[in-house]
Amino acid sequence: MHPEVGELYQLHGEVCLVLADPQRLVLPNALRCGRRSLADLAADLEVPPGDALRHLGVMEQHSMVAIEREGIQVYVRLALPNLIRAMDILREVLAEQTAR
């Protein structure tokens with residue numbers, strides 16, 4: 001296998017590992033319409049803000065989200081907007097599987 005192809009599969013695997021947590025799967029969809037506060041995202045996950053921030057930190061390490069601070073407020077936005085498109089396609093595949 002060509003080294004560049006192997007590196008691409010490695011990165012693909014890392015993205016899949018990050019998104020393997022069901023709570024982290026909720027976050028990109030919750031950011032579909034744009035930047036949101038940490039408090040709103042924590043409410044979507046039904047977890048304390050600290051737990052939400054931990055999940056977001058993992059996603060930030062992989063450049064999926066950007067965490068922005070404005071005073072004491074923390075906001076989050078998608079850093080990879082195509083992530084939504086990828087997740088939508090995966091949902092279509094899952095819908096096809098469950099329909100069979």
**Request:** Output the distance between atom CZ (Arg24) and atom NE2 (His62), rounded to the nearest 0.5 Å.
**Result:** 9.0 Å
**Item:** Heavy-atom pair of closest approach, residues Leu38 and Ala52
**Value:** CD1-CB, 3.9 Å
**Asked** How does the hydrophobic cluster around Leu8 look, that is, which other residues are in it when side-chain heavy atoms under 4.5 Å mark a link?
**Response** none
**Asked** Would you find a donor on one side and an acceptor on the other, under 3.5 Å apart, between the side chain of Arg77 and the backbone of Leu31?
**Response** no
**Fill in**
Test side-chain contact (heavy atoms from CB on, under 4.5 Å), reference Leu41, set Val74, Val76, Leu53, output is Val76
**Item:** Smallest separation among heavy atoms of Ser63 and Ala79, with atom names
**Value:** O-CB, 3.5 Å
**Item:** Beyond-backbone contact of Val15 with Met64, side-chain heavy atoms, under 4.5 angstrom
**Value:** yes
**Asked** For His55, which of Leu27, Val26, Val47, Val65 qualifies under side-chain contact (heavy atoms from CB on, under 4.5 Å)?
**Response** Leu27
**Item:** Asp44 side, atom CG; Gln23 side, atom CD - distance, nearest 0.5 Å
**Value:** 11.5 Å
**Request:** Identify whether Val58 and Tyr75 are in the same connected component of the hydrophobic contact network (ILVMFWY, side-chain heavy atoms under 4.5 Å).
**Result:** no
**Asked** Hydrophobic clusters join Ile, Leu, Val, Met, Phe, Trp and Tyr when side-chain heavy atoms are under 4.5 Å apart, directly or via other members; which others share one with Leu94?
**Response** Leu90
**Asked** Is Arg35 salt-bridged to Glu70, going by a charged N under 4.0 Å from an acidic O?
**Response** yes
**Request:** State which residues pass side-chain contact (heavy atoms from CB on, under 4.5 Å) with Leu17; sequence neighbours excluded, sorted by chain then number.
**Result:** none
**Request:** For residues Pro28 and Ile84, report the shortest heavy-atom separation together with the two atoms involved.
**Result:** O-CD1, 3.0 Å
**Message:** Under a 4.0 Å threshold between the charged nitrogen and the carboxylate oxygen, would Arg32 count as salt-bridged to Asp88?
**Reply:** yes
**Request:** Any chance you could measure Leu19, atom CG, to Leu83, atom CG, to the nearest 0.5 Å?
**Result:** 5.5 Å
